[in-house]
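What follows is a single structure, written as structure tokens, with notes after it.
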Amino acid sequence: METKPNLIDGQWVTSTDSILNVNPSNLSEPIGEYSLATPEQVGEAVAAARRALPAWAATTTQVRSDLLLKTAIELLDRKVELGELVSREAGKTRADGIGEVVRAAQIFQFFSGEAVRYGGDNLPSVRPGIGIQTSREPVGVVSVITPWNFPIAIAAWKLGPALAFGNTVVFKPSEETPAIAWELIDILKRNGLPAGVVNLLIGKGAVVGQALTEGVDAITFTGSVRVGREIATRAVANMARVQLEMGGKNPLVILDDAQLNVAVECAVNGSFFSAGQRCTASSRLIVTDKIYDRFVDALLTRMQSLKVGPSLSDGIDIGPVINQRQLDTIQGYIEIGKNEGARLLAGGELVDAATPGFFMKPALMAGTNDMRINREEVFGPFASVIRASDYEEALALANDTQFGLSSGICTTSHKYATHFRMNVKSGLTMVNLATAGLDYHVPFGGRNGSSYGPREQGKMAVDFYTISKTAYVSYE
Ligand code: NAD
């Protein structure tokens with residue numbers, strides 16, 4: 001099998017070490033072999049990005065816009081092939097894999113427009129004979145570090161604005177999902193990416209990721225809280241700008257007056273689709289007393305209809321989890337829950353599929369909000385129901401968490417929906433919708449332990465990827 005190289009200063013380069021990427025739906029199916037970047041190569045990539053910066057920052061916005069649009073068009077043209085690659089590599093259903101590639105294309109298309117739209121203000125000074133202009137300049141060399149669970153969409157929502165606003169990039173995708181990252185960089189390169197403007201460094205977090213926090217002007221990271229905190233510490237020590245999107249423990253509140261079918265679909269989608277491996281997944285289902293039994297019964301019935309199996313098989317709802325470590329972690333949380341007094345209501349069993357992989361039935365536990373299963377991110381097809389006496393207690397429980405990414409409420413009451421939207425402490429909130437599932441043209445991010453730094457996506461993306469300048473001009 002040919003080893004796929006990394007991209008440094010416009011050249012495809014290998015090293016002596018590589019990793020084999022395997023399909024989590026079929027452990028006997030290798031996907032590809034990828035060269036592992038060395039710390040020296042990280043240094044070369046950062047230096048190349050630094051050299052490429054002045055020319056890229058000085059290109060016309062049309063040049064940057066064209067690159068992003070051509071990338072979007074190729075992604076759309078190849079959505080089935082690349083979507084199936086995402087499914088094979090990350091364990092998503094075919095629809096989710098293709099949907100993610102389409103989403104990446106939409107994001108590049110959006111930032112193709114943003115490249116020519118952004119600007120500054122022209123203001124009168126409060127002093128006579130002076131004018132003021134504000135403008136935005138690229139922040140510089142940006143380190144982009146991404147997780148495996150949205151391997152092309154997250155790369156797109158970081159690379160898109162980085163390039164649109166004139167920055168150069170060193171990009172480290174997750175070592176779990178190098179294949180789609182490699183294809184994306186190949187597409188950018190063939191569509192006119194100048195040497196050094198984006199450098200691809202596939203490698204282990206502890207080696208490449210760590211080295212990537214040195215010598216750059218900004219770091220944008222999506223991943224776990226543990227790694228995010230480490231990166232933040234190093235970024236501050238180096239005075240680099242930092243943006244972190246991390247975990248969640250997202251609550252979905254279901255009130256007595258909810259439409260039962262809507263609540264059940266929101267819970268199934270938010271908790272179990274994409275094998276629960278979404279930072280916006282609903283892991284805490286907070287249900288008020290009068291609907292609790294009916295809701296749990298209906299959810300258990302609906303869960304029985306969910307089909308778990310290899311990601312590209314027809315008719316499946318839930319693919320595998322990403323790897324053995326993650327499977328062990330989820331199974332471990334079921335035991336932790338039981339030991340703390342939670343009840344396993346359904347699921348959790350390993351599934352024997354046609355091919356060997358990391359399959360488990362979605363698990364539902366009943367517990368209280370103080371249990372570890374409701375405090376720590378599990379990141380899998382696993383949710384917990386928590387009983388609340390009324391809306392006020394449900395809101396208090398929803399906010400009783402160290403996280404604050406997404407949240408949701410199912411209710412037919414305008415009063416409670418409005419109050420929840422205004423008082424829940426999360427960056428995203430949903431009314432009668434699953435906590436996961438977002439648009440690409442609006443800001444994305446959380447609060448508390450879930451996020452740090454400026455928002456990603458939409459019009460707000462410009463804030464992280466540019467530095468503002470205020471110019472005073474004398475008219476005298
Ligand atoms: P992870 O933190 O293990 O890895 C993320 C990236 O960081 C990978 O590229 C990894 O190689 C790299 N890395 C690991 N150690 C590093 C180090 N010491 N220094 C620098 N980089 C390092 O996360 P994961 O398992 O890939 O992804 C799952 C996590 O991502 C979950 O916690 C999930 O909630 C979170 N996530 C958050 C969002 C969001 O927008 N809030 C979106 C998707 C995923």
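Counting convention: from 1, in listed order, for ligands and their atoms alike.
The protein heavy atom nearest to atom 27 (O) of ligand 1 is Pro147 CB, 3.3 Å. Looking from atom 35 (C) of ligand 1 to the surrounding protein, the closest heavy atom is Gly223 O, 3.2 Å. Closest to atom 36 (N) of ligand 1, if we only count protein heavy atoms, is Cys279 CB, 3.6 Å. Remark: minimum distance from atom 21 (N) of ligand 1 to any protein heavy atom is reached at Gly209 CA, 3.5 Å.
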From CA spacing to verdict: side chain to side chain contact (heavy atoms under 4.5 Å, CB included), Phe420, Val253: CA-CA 9 Å; Phe420 184 81; Val253 168; 3.8 Å; yes
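In this pair, Phe379 and Trp148 present their aromatic rings perpendicular. The plane angle is above 60°, beyond the 30 to 60° band.
Of all atoms in ligand 1, listed by their number and element, those nearer than 4.0 Å to a heavy atom of Pro173 are 9 (O). Listed by number with element, the atoms of ligand 1 under 4.0 Å from a non-hydrogen atom of Leu405 are 41 (N).
Residue Glu175 has at least one nitrogen or oxygen atom sitting less than 3.5 Å from a nitrogen or oxygen atom of ligand 1, judged on distance alone. Among the atoms of Gly248, none of the N or O lies under 3.5 angstrom from an N or O of ligand 1. In terms of N/O distances under 3.5 Å, ligand 1 is not approached by Arg226. Considering both main-chain and side-chain atoms, Glu230 comes within under 3.5 Å of ligand 1 through a nitrogen or oxygen pair.
Results of the side chain to side chain donor-acceptor pair (under 3.5 Å) test with Asp400 over Lys249, Arg375, Lys425, Arg284 single out Arg375 as the only residue that passes. Considering Ile154, Ile231, Leu201 in turn, Ile231 is the only one that fulfils the side-chain contact (heavy atoms from CB on, under 4.5 Å) rule with Ile145. Among Met371, Arg372, Lys338, the single residue meeting the side-chain contact (heavy atoms from CB on, under 4.5 Å) criterion with Tyr333 is Arg372.
Taking only non-hydrogen atoms, the option from Pro151, Gly205, Ser224 nearest to atom 1 (P) of ligand 1 is Ser224. For the residues Val208, Thr222, Val227, Ile145, the heavy atom positioned nearest atom 5 (C) of ligand 1 is part of Thr222. Relative to atom 24 (P) of ligand 1, the option among Phe150, Trp148, Phe444, Phe379 with the closest non-hydrogen atom is Trp148. Among Glu176, Glu377, Gln210, the residue whose heavy atom sits closest to atom 34 (O) of ligand 1 is Glu377.
Using a 4.0 Å cut-off between heavy atoms, Lys249 makes no contact with ligand 1 at all. Contact annotation: for Thr146 versus ligand 1, heavy atoms closer than 4.0 Å belong to the backbone alone. The residue Thr213 has no part lying near ligand 1, judged by heavy-atom distances below 4.0 Å.
The pair Arg88-Glu84 does not count as a salt bridge, with every side-chain nitrogen at least 4.0 angstrom from each carboxylate oxygen.
Between Trp157 and Phe444, the ring center distance clears the sub-6.0 Å criterion.
Taking a 6.0 Å sphere around CD of Gln11, one finds it holds 12 or fewer heavy atoms contributed by other residues, nucleotides or ligands.
Using a 4.5 Å cut-off on side-chain heavy atoms (C-beta onward), Thr146 and Lys158 make contact.
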